[in-house]
Novice: 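This is the structure I want to talk about, given as structure tokens.
Residue numbering restarts at 1 for every chain, and letters A, B, ... go by the order of the sequence lines. These numbers were taken from a predicted model, which means no experiment stands behind them.
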Amino acid sequence: MAPTKTIKNKHAANGSGVSGSMKAKYGSKSAMDGVIKAKKTGGKSHLPTTTGKGRPKIADILKKKKKRVYTAKELGIPELNMITPVGVEKPKGKKKGKVFVDDRESMSTILAIVQAEKEGQIESKMIKARQMEEIREARKAEEEKKYQERKEKLEETKDSIRKKRRRGAPKENDGDADPSAPLATGTNVLKLKKKRVSFA
Amino acid sequence: MRPLTEEETKIVFSKLATYLSDLKGLIAPLDDGDRYVFRLNHARVYYVRLSVANMATSVSRDALLSLGTCLGKLTKTGKFRLHITALPVLAEHARYKIWVKENGAQPFLYGSNVVKAHVGRQTEDCPEHSGCVVYSMADIPLGFGVTARSTAEARRLDPTGIVCFRQADCGEYLRDEDTLFAG
């Protein structure tokens, strides 16, 4: 019987979780010698129970210390900062290889999209060109207007100078018209004739 | 030889659309029930009848040198470069046209740009940097290029000013004989 009891104690030492109930058992069987020894051992086993209570705690601590492995999504790392670039990673569940376009319907849809895009580009280019042309025309007209104004101003100043000259002309004209004057007056013609010198 | 993917088709069509006014005519069904398709072989895009393309499947990829009309080449950077061999296709439905005089045909065929002095006629309302086909005065297509100036600007240009930047001309059949169909 005794060995069987010792086995029971061993179970208790292991800390099977029913230590409370075991203690109750020991209390009831205290009269038996072998059992008392066994109790002593059980007393010894009391310490282990206390230590047994501590041991699992340490184990728990050790378990808690194990680092948690985070997935890339949990960490929120930018997608570009990966070993495999985004473009290279092939999506799962999709068919491998290229998808060819050979039927007329799909080709005509692509064609329509491309042509619409191109038409839009050309249209915008034309509109831009027309606007630029308008701006150029306006600038040209403005330049011409300015040139005309400047020309008119110049003409005005020229006229004013001419008028000024005419006003002061009679006094100046006497000296200028010396060669023509003798023709008009006969006295001067005679004087000129007198001045003539002839060589033999 | 294989059909084009969606992406490739878009690239090819967008390039053709710069020169052509009507793209639908390219893939329209023919009278005999046949139609034209686009095929890719050795990075070159071919415009070929479907019946011919089906027959060409019996020829291995390496052995197949050319079929139908070679439109151009898909570059490694994902662009499409038109070849002079595409001229008959472009000349048929060209959006913008430039006719060069007799004295301008030879310089153009030797690889120079079209200058104002050589322009005989030009399509009205042609914006700058748009694709145009160059013809002789006898309506013979000589090549194609990109306009340097709009029609309005080109009128005011001096005789040596460039009207059209050359992209391809018929002289390439001789000049680039070695690399035109292979390499």
Novice: Given heavy-atom pairs under 4.5 angstrom as the criterion, report whether the side chain, backbone, both or neither of B:Leu4 touches chain A.
Specialist: backbone
Novice: State which residue, out of B:Thr85, B:Leu16, B:Leu26, B:Val12, fulfils the side-chain contact (heavy atoms from CB on, under 4.5 Å) condition with B:Tyr47.
Specialist: B:Leu26
Novice: Considering non-hydrogen atoms only, spot the tightest contact between A:Met107 and B:Phe13 and give its length.
Specialist: O-CE1, 3.8 Å
Novice: Measure B:Ala152 against the heavy atoms of chain A and call it side chain, backbone, both or neither at under 4.5 Å.
Specialist: side chain
Novice: Any side-chain to backbone donor/acceptor pair from B:Tyr19 onto B:Ala91? Under 3.5 Å, distance only.
Specialist: no
Novice: Nearest heavy-atom pair of B:Tyr96 and A:Ile122: which atoms, and what distance?
Specialist: OH-CG2, 3.5 Å
Novice: Please report the shortest heavy-atom distance between B:Val45 and B:Phe38, naming the atom on each side.
Specialist: CG1-CD2, 4.1 Å
Novice: Please tabulate, one pair per line, all N/O donor-acceptor pairs under 3.5 Å involving side-chain atoms of residues 113-133 of chain B, not counting sequence neighbours.
Specialist:
unit_1: B:Asn113; atom_1: OD1; unit_2: B:Arg166; atom_2: N; d: 3.0
unit_1: B:Lys116; atom_1: NZ; unit_2: B:Arg155; atom_2: O; d: 3.3
unit_1: B:Lys116; atom_1: NZ; unit_2: B:Leu157; atom_2: O; d: 3.4
unit_1: B:Thr123; atom_1: OG1; unit_2: B:Lys97; atom_2: N; d: 2.6
unit_1: B:Thr123; atom_1: OG1; unit_2: B:Lys97; atom_2: O; d: 2.8
unit_1: B:Glu124; atom_1: OE1; unit_2: B:Arg155; atom_2: NH2; d: 2.9
unit_1: B:Glu124; atom_1: OE2; unit_2: B:Arg155; atom_2: NH2; d: 2.5
unit_1: B:Ser130; atom_1: OG; unit_2: B:Pro127; atom_2: O; d: 2.8
unit_1: B:Ser130; atom_1: OG; unit_2: B:Thr147; atom_2: OG1; d: 3.3

Novice: Specify the closest pair of heavy atoms between B:Asp169 and B:Phe108, including all atoms of both residues, with the distance to one decimal.
Specialist: CG-O, 3.6 Å
Novice: Testing the basics here: between B:Ala53 and B:Val48, what is the closest heavy-atom pair and its distance to 0.1 Å?
Specialist: CB-CG1, 3.9 Å
Novice: Give the member of B:Lys24, B:Arg95, B:Glu8, B:Glu7 that has the highest number of heavy-atom pairs under 4.5 Å with chain A.
Specialist: B:Arg95
Novice: Under 4.5 Å from any heavy atom of chain A, what part of B:Ser150 do you find: side chain, backbone, both or neither?
Specialist: neither
Novice: Please state whether the side chain, the backbone, both or neither of B:Ser21 comes within less than 4.5 Å of a heavy atom of chain A.
Specialist: backbone
Novice: Salt bridge or not between A:Arg68 and A:Glu74? Use side-chain N to carboxylate O under 4.0 Å.
Specialist: yes
Novice: What part of A:Glu119 is in contact with chain B, defined as an atom under 4.5 angstrom from a non-hydrogen atom: side chain, backbone, both or neither?
Specialist: side chain
Novice: Below 4.5 Å from any heavy atom of chain A, which atoms of B:Arg149 appear? Answer side chain, backbone, both or neither.
Specialist: neither
Novice: For chain A, find its close neighbours in residues 27-35 of chain B: heavy-atom separation under 4.5 Å, sorted by number, or none.
Specialist: B:Ile27, B:Ala28, B:Pro29, B:Arg35
